[in-house]
Each structure stands twice: as C-alpha cells, then as structure tokens.
Amino acid sequence: DTAVSQTPKYLVTQMGNDKSIKCEQNLGHDTMYWYKQDSKKFLKIMFSYNNKELIINETVPNRFSPKSPDKAHLNLHINSLELGDSAVYFCASSPGWAGSSYEQYFGPGTRLTVT
Amino acid sequence: DAKTTQPNSMESNEEEPVHLPCNHSTISGTDYIHWYRQLPSQGPEYVIHGLTSNVNNRMASLAIAEDRKSSTLILHRATLRDAAVYYCILRGLTQGGSEKLVFGKGTKLTVNP
C-alpha cells in the first residue's frame, strides 16, 4: 500500500481554469504538507496542516487553497491557473510538527502544466 | 531566517565514501538538521536527522559540528542508486511558535561506476 498518494500524477490544463490535486496518507499522521518544486528543482513549502488546522501559510497567492476534510486528506485547490503555476506539487505527511524531529513522508508528486 | 548552503553538485566513484556538506551558520538552538534525497522523477525521501550528536542509521551517518553551524552527510559506500539530489533541511519553531522549514537548494550527487 502506498503511504502517501496523490492524484492525478499528471495534470495539463489551460490558463484560467480551476483544478484540484488530492492527497491521502494511510500512516495515521497528524501533519500534512504541500510543497511546490519549480523547474530549477527548488523545493518550497506552501502549506501545512496539523489535525486539520493550518499551521503554515507561506506567501503563496490566495488562488491556492488547501482543504482538509479529515486528518488523512489534504487537497490543494487552485483557482484561475497561471503559466507560472506550472511545477511539480508534492504532498507530504509527518507524525508530528512543532519543531519536531519527525521525518516527512512524501508522495510521488503531481506534475501540473498550464498552457 | 535560518538558511542552509550546499554545493550545487558533487561527484563520487562507486564503492567510495561520500561526504556531503551543509552550512547553517544561523541555526537556532532548537532547530533539527534533517537530510532528504530525491531520486529522478520521485518525491523526496528521508535519510537522517540529528540535533547535536552524530547519528548513524542504515542509510548514512550525520556528523554535526560542535557549534552546529555545519553538518556533513556521510554515505559510507556510494552505489549507483545513491545518485540523487540531497537536501539539507532545518526544522524548528519560529518565534511565533509556528513550524519553520528551511530547505537548502540541494546537492546533485553523481556516482560513477
């Protein structure tokens, strides 16, 4: 069984569309994250949820909205997609946060291409 | 904000040890040092982490400087499967109590057969 799964794996869409990426973890972890990796491979954290509460909201456009229906899911919804949103998006989970020593488990990534 | 600095790339031969450095001169006293690696077309994978003392696990060793301003990830015998981008990461708390995650830009490790 995949520990952290994301759907879809690839997403090609046009500018101005609204899309969602889903993430699920079956590890029983309390904390989940969304990261963006651009074409230069820089990995930047976007959001973090701990027990369904937002605990990090880095400086990302408000077109991006994370939604956590329960502890095992953290979905990423993107409105009015722009060319600059093209990237690989990774979901991750962790047993804890708060400056913790816990490791993170990453999903396989969703490659978003905006045309 | 605390930052990490890593060389852009390093090269090694198979079966030889590899030392991957990371500088984090502005690390705070409660920040943990984590290392992850990312194989091509995959998500990052946890390697090791530590706070003050050196750490060993089945994948690697982590040597932390006494002043904690730098650390070194050690792969004892590099294999072709170790070719990846290695990220040095600080995890801790901001002054406001929220989680702090600071990524380095990563070191691309090439392993020659």
Side-chain angles (χ1 to χ4, degrees), chain A residues 2-7 9-10 21 23-25 27 29-51 53-60 66 87-111, chain B residues 1-6 8-9 27-53 55 57-60 62 64 71 73 84-109:
Chain A
T2 303
V4 181
S5 59
Q6 297 178 226
T7 54
K9 187 171 177 63
Y10 300 97
I21 306 172
C23 177
E24 177 180 2
Q25 54 97 0
L27 299 168
H29 289 169
D30 287 338
T31 308
M32 295 183 71
Y33 306 83
W34 276 108
Y35 290 86
K36 178 181 180 181
Q37 187 169 46
D38 60 24
S39 58
K40 295 183 178 179
K41 304 298 183 184
F42 296 154
L43 196 61
K44 297 181 181 179
I45 188 167
M46 300 175 69
F47 300 103
S48 173
Y49 263 76
N50 183 55
N51 279 327
E53 293 187 19
L54 182 66
I55 55 174
I56 293 178
N57 185 354
E58 296 296 304
T59 307
V60 298
V88 181
Y89 292 83
F90 288 101
C91 176
S93 74
S94 176
W97 69 288
S100 73
S101 64
Y102 299 114
E103 65 268 30
Q104 295 185 36
Y105 296 81
F106 283 79
T110 296
R111 181 175 294 277
Chain B
D1 282 346
K3 294 183 179 179
T4 62
T5 304
Q6 300 175 252
N8 289 332
S9 62
I27 189 172
S28 68
T30 55
D31 287 345
Y32 283 84
I33 303 159
H34 287 240
W35 283 82
Y36 286 75
R37 71 181 186 181
Q38 187 174 20
L39 279 66
S41 301
Q42 294 188 24
E45 173 190 29
Y46 168 79
V47 178
I48 200 167
H49 74 274
L51 184 62
T52 56
S53 303
V55 184
N57 67 18
R58 63 175 181 82
M59 291 182 70
L62 177 60
I64 301 174
S71 61
L73 179 70
V85 177
Y86 286 79
Y87 292 97
C88 171
I89 298 165
L90 298 182
R91 289 193 74 181
L93 288 174
T94 67
Q95 289 188 341
S98 61
E99 187 172 8
K100 176 176 65 176
L101 283 167
V102 181
F103 280 85
K105 294 182 180 179
T107 297
K108 183 176 182 179
L109 176 66

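On a predicted model such as this, the values are computed, not experimentally measured, just so you know. For the numbers below, each heavy atom of this structure counts, side chains included, while hydrogens, waters and symmetry mates do not. Naming: A, B, ... by sequence-line order, numbering from 1 per chain.
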Q: Kindly indicate whether the side chain of B/His49, heavy atoms from C-beta on, has any atom under 4.5 Å from the side chain of A/Tyr102.
A: no
Q | A/Gln104 and B/Arg91, any side-chain heavy atoms less than 4.5 Å apart | A |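 SC-SC contact between B/Arg91 and A/Gln104 confirmed.
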Q) Could you go step by step and tell me if A/Phe106 and B/Gln38 meet the side chain to side chain contact (heavy atoms under 4.5 Å, CB included) rule? A) CA-CA 10 Å; A/Phe106 283 79; B/Gln38 187 174 20; over 6 Å; no
Q) What part of A/Gln37 lies closer than 4.5 angstrom to a heavy atom of chain B: side chain, backbone, both or neither? A)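 For A/Gln37, the contact with chain B is made by the side chain alone.
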Q: Using non-hydrogen atoms and a 4.5 Å limit, figure out which bit of A/Tyr35 sits close to chain B: side chain, backbone, both or neither.
A: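 Only the side chain of A/Tyr35 comes within 4.5 Å of chain B.
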Q: Sort and list the pairs that fulfil salt bridge (charged side-chain N to carboxylate O under 4.0 Å, His left out) and have at least one residue in residues 35-45 of chain B, not counting sequence neighbours.
A: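 Qualifying pairs: B/Arg37-B/Glu45, B/Arg37-B/Asp82.
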Q | Residue among B/Trp35, B/Tyr46, B/Tyr32 satisfying side-chain contact (heavy atoms from CB on, under 4.5 Å) with A/Glu103 | A | B/Tyr46
Q | Option that, when pairs with chain A are counted at under 4.5 Å, heavy atom only, ranks first among B/Gly43, B/Gly106, B/Gly50 | A |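 Of B/Gly43, B/Gly106, B/Gly50, B/Gly43 has the most heavy-atom pairs under 4.5 Å with chain A.
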**Q.** Backbone of A/Leu43 reached by a side-chain donor or acceptor of B/Tyr87 within 3.5 Å
**A.**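 No; zero donor-acceptor contacts below 3.5 Å.
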